[in-house]
> 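Below is one structure. I have some questions about it.
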There are 2 protein chains.
Amino acid sequence: MKQQQKDAYDKLKLKSQLCFPLYACSKEVIRHYKPLLDELDLTYTQYITMMVLWEKKSLCVNALGEELYLDSGTLTPLLKKLEKKGYLTRCRCDNDERSVKICITEEGEKLKEKAASIPEKMESCVKLSEKESAFLYRILYRMLEQLNPS
Amino acid sequence: MKQQQKDAYDKLKLKSQLCFPLYACSKEVIRHYKPLLDELDLTYTQYITMMVLWEKKSLCVNALGEELYLDSGTLTPLLKKLEKKGYLTRCRCDNDERSVKICITEEGEKLKEKAASIPEKMESCVKLSEKESAFLYRILYRMLEQLNPS
DNA sequence: TACAATTAGATTGTATGCAATTTGATTGTA
DNA sequence: TACAATCAAATTGCATACAATCTAATTGTA
């Protein structure tokens, strides 16, 4: 076998890939959120959706999708569930009937208090130094920008 | 509002969290694999499953799940699909009828040749320096180890 | 050796994710 | 102003993920 082909095969190993630890790590982190989010009766995707709403109060589905890297196929049913729980409202925009505006409710605002302790609790699961966190953060956002230039 | 509560709320912002870019990045990377994997008629999860088999040739569902951080609920239907495609066989172990042994087929081995160019193509999507890749790799595996000590 | 406890996969049910398509509203332009 | 092109959500279909439960095999031990 040629050296070149051997190199190509080496790169096909799970342990040679960056994509795999990224994928596995993401899932493991989300798994660790679960018991904390269960107390709020939220899934992880519902949680990050609420995070955007806690900050922005109100925005269109489209904009929400860009923030979260999710499309309407995922968001529509998810937003309906959060609406049913009473955390947000969905209504067509007055000025553009194509768009749907999502607004946080008082119930939704109240949930923020219960969620406030979660980030701290999660941090304690993963022991990274200040420097490592900052590096990881920067590099992931740079990758995101490269993969999905917005 | 107390400073402490303000800090807690700041940490609730999407941009303050490490979990979010991890989650988004993982999805974006997988999305970038799609056109390459479409040519092989594999999904991403099927691809990483084949990566393990290209390396190990044969192992039990259990061991496969530990490698991939997936459980039988995900693996069983996925392995049935790959079996139907002819890339692997599933059969109960002789010495322990509870276990199912997965073996790669010749068809499965042949697929490796077609997949060999994928890692290189993916690398070109994300421009990280040698140093950055190595750092990211180390930190992700360390996190994995912390989150799921095996 | 009985038999409770454990283990490996399979199954069930719920919630994403996302590509592709559809529906209805808006925009650009001949 | 007609009307094609575009756009925003919603819908459909398929493939994960994973917790919880179930089934069958194996193991530990009284």
Side-chain angles (χ1 to χ4, degrees), chain A residues 20 23-35 37-38 40-50 59-66 68-85 88-102 147-148, chain B residues 20 23-35 37-38 40-50 59-85 88 90-102 147-148:
Chain A
F20 177 69
Y23 158 84
C25 222
S26 164
K27 285 193 307 163
E28 286 303 308
V29 168
I30 289 171
R31 198 205 308 276
H32 272 69
Y33 269 101
K34 191 167 187 311
L37 295 178
D38 278 350
L40 310 194
D41 188 30
L42 289 181
T43 63
Y44 179 74
T45 320
Q46 291 167 4
Y47 171 62
I48 59 176
T49 302
M50 290 309 299
L59 77 176
C60 287
V61 173
N62 210 12
L64 190 58
E66 273 173 32
L68 298 175
Y69 293 82
L70 291 171
D71 73 357
S72 69
T74 304
L75 282 175
T76 297
L78 184 140
L79 291 169
K80 284 181 180 171
K81 275 170 214 154
L82 287 174
E83 185 185 34
K84 201 181 282 182
K85 293 185 199 214
L88 54 80
T89 59
R90 298 161 60 245
C91 52
R92 292 280 165 184
C93 292
D94 283 339
N95 54 334
D96 187 341
E97 290 269 334
R98 287 173 305 180
S99 296
V100 167
K101 187 158 219 168
I102 306 300
L147 293 168
N148 192 341
Chain B
F20 176 69
Y23 158 83
C25 222
S26 165
K27 285 192 307 165
E28 286 303 308
V29 168
I30 289 170
R31 197 205 309 278
H32 272 69
Y33 270 100
K34 191 168 187 311
L37 295 178
D38 277 351
L40 308 194
D41 187 31
L42 289 181
T43 64
Y44 179 73
T45 320
Q46 290 167 7
Y47 171 61
I48 58 176
T49 302
M50 289 310 298
L59 76 177
C60 288
V61 173
N62 209 13
L64 190 58
E66 272 173 33
E67 294 265 345
L68 297 175
Y69 294 82
L70 292 171
D71 73 357
S72 68
T74 303
L75 282 175
T76 298
L78 183 140
L79 292 169
K80 284 181 180 171
K81 275 170 214 155
L82 288 173
E83 184 184 35
K84 201 181 284 180
K85 292 184 202 216
L88 54 80
R90 297 160 63 245
C91 53
R92 293 280 165 184
C93 291
D94 283 339
N95 53 335
D96 187 341
E97 291 269 335
R98 288 172 305 179
S99 295
V100 167
K101 187 158 218 166
I102 306 300
L147 292 168
N148 192 341

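Chain letters run A, B, ... following the sequence lines, proteins first and then strands; every chain starts at 1. Hydrogens, waters and symmetry mates play no part in the numbers below; they use all other heavy atoms, side chains included.
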> Any side-chain N or O of A/Lys81 less than 4.0 Å from the OP1 or OP2 oxygen of C/dT16?
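Affirmative; the distance criterion is met.
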> Rounded to the Å, how far apart are B/Leu40 CG and D/dA15 P?
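B/Leu40 atom CG is separated from D/dA15 atom P by 16 Å.
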> Could you check whether the side chain of B/Arg98 and the base of C/dT7 have a donor-acceptor pair of N or O atoms closer than 3.5 Å, going by distance alone?
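Such a pair exists between side chain and base.
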> Side chain of B/Thr45: nearest nucleotide among D/dA17, C/dT16, C/dG9?
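In terms of side-chain proximity for B/Thr45, the closest of D/dA17, C/dT16, C/dG9 is D/dA17.
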> Looking at every heavy atom in both A/Leu68 and A/Ile48, which two are closest together, and how far apart are they?
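Closest approach of A/Leu68 to A/Ile48, heavy atoms only: CD2-O, 3.8 Å.
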> Between D/dA9 atom P and A/Glu97 atom CD, what is the distance in whole Å?
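Computing the A/Glu97:CD to D/dA9:P distance gives 12 Å.
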> Could you tell me which non-hydrogen atom of B/Leu147 sits nearest to which non-hydrogen atom of A/His32, and how far apart they are?
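Here B/Leu147 and A/His32 meet closest at O-CE1, 2.9 Å.
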> So if I take every side-chain heavy atom of B/Arg92 and compare against C/dA10, C/dA15, D/dT16, which nucleotide ends up nearest?
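Of the candidates, C/dA10 comes closest.
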> Rounded to the nearest Å, what distance is computed from the CZ atom of residue B/Arg31 to the P atom of nucleotide D/dA15?
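So the CZ-P distance, B/Arg31 to D/dA15, works out to 18 Å.
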> Output the rounded distance in Å from CG (A/Leu75) to P (C/dA15).
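Rounding to the nearest Å, CG of A/Leu75 and P of C/dA15 are 16 Å apart.
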> Heavy atoms only, 4.0 Å cut-off, all strands: where does A/Leu70 land among base, sugar-phosphate and nothing?
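A/Leu70: backbone/sugar contact only, no base atoms under 4.0 Å.
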> Contact class for A/Lys80 vs. all strands (heavy atom < 4.0 Å): base, sugar-phosphate, or nothing?
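Since only primed, P, OP1 and OP2 atoms lie under 4.0 Å of A/Lys80, the category is sugar-phosphate.
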> Calculate the interatomic distance between B/Asp94 atom CG and C/dA8 atom C1'; express it in whole Å.
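Between C1' of C/dA8 and CG of B/Asp94: 16 Å.
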> Grab the two heavy atoms, one from B/Leu75 and one from B/Val61, that are nearest each other, plus how far apart they are.
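That would be CD1-O, 3.8 Å.
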> B/Tyr44 vs A/Tyr23 aromatic rings, parallel, tilted or perpendicular, using cut-offs 30° and 60°?
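Perpendicular.
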> Between C/dA8 atom P and B/Leu64 atom CG, what is the distance in whole Å?
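It is 14 Å, rounded to the nearest whole Å.
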> Could you work out which one of D/dT16, C/dA15, C/dA10 sits closest to the side chain of B/Thr76?
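Within the option list, the nearest is C/dA10.
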> Quick one: A/Asn62 CG to C/dG24 P, roughly how many Å, whole number?
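Taking CG of A/Asn62 and P of C/dG24, I get 20 Å after rounding.
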> Closest approach to the side chain of B/Asp71, judged atom by atom: which nucleotide of C/dG9, D/dC18, D/dA9 is it?
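In terms of side-chain proximity for B/Asp71, the closest of C/dG9, D/dC18, D/dA9 is D/dC18.
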> Say whether, by atom type as modelled, one donor and one acceptor occur between the side chain of A/Arg92 and the main chain of A/Arg98 under 3.5 angstrom.
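Yes, because the side chain of A/Arg92 sits within donor-acceptor range (under 3.5 Å) of the backbone of A/Arg98.
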> For A/Cys60 and A/Tyr23, find the nucleotide of DNA chain D closest to each by heavy atoms; which residue's nucleotide sits nearer the 5' end?
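Looking at DNA chain D, the more 5' nearest nucleotide goes with A/Cys60.
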> With a 4.0 Å cut-off on heavy atoms, is A/Ser99 in touch with a base, just the backbone sugar-phosphate, or nothing at all?
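Sugar-phosphate only.
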> Does this structure show an ion pair linking B/Arg31 with B/Glu28, if we count only N-O contacts that are shorter than 4.0 Å?
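So B/Arg31 pairs with B/Glu28 through a salt bridge.
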> Please figure out whether A/Asp96 or A/Lys34 has its closest DNA chain D nucleotide nearer the 5' end.
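The residue mapped nearer the 5' terminus is A/Asp96.
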> Kindly say if A/Thr43 contacts the phosphate of C/dT16, meaning a side-chain N or O under 4.0 Å from OP1 or OP2.
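So the side chain of A/Thr43 is within the cut-off, an N or O lying under 4.0 Å from OP1 or OP2 of C/dT16.
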> Is B/Leu78 touching bases, backbone alone, or none of the nucleic acid, heavy atoms closer than 4.0 Å?
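If one applies the 4.0 Å heavy-atom cut-off, B/Leu78 turns out to touch the sugar-phosphate alone, with no base involved.
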> Provide the Watson-Crick or G-U wobble partner of C/dA30, both distances under 3.5 Å; none if there is no partner.
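Answer to the pairing question: D/dT1, which forms a Watson-Crick or G-U pair with C/dA30.
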> Which nucleotide wins on minimum distance to the side chain of B/Ser72, given the candidates C/dT16, C/dA10, D/dT11?
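Given the options C/dT16, C/dA10, D/dT11, the side chain of B/Ser72 is closest to C/dA10.
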> Can you measure B/Asn95 atom CG to C/dA8 atom P for me and round it to whole angstrom units?
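From B/Asn95 CG to C/dA8 P: 13 Å.
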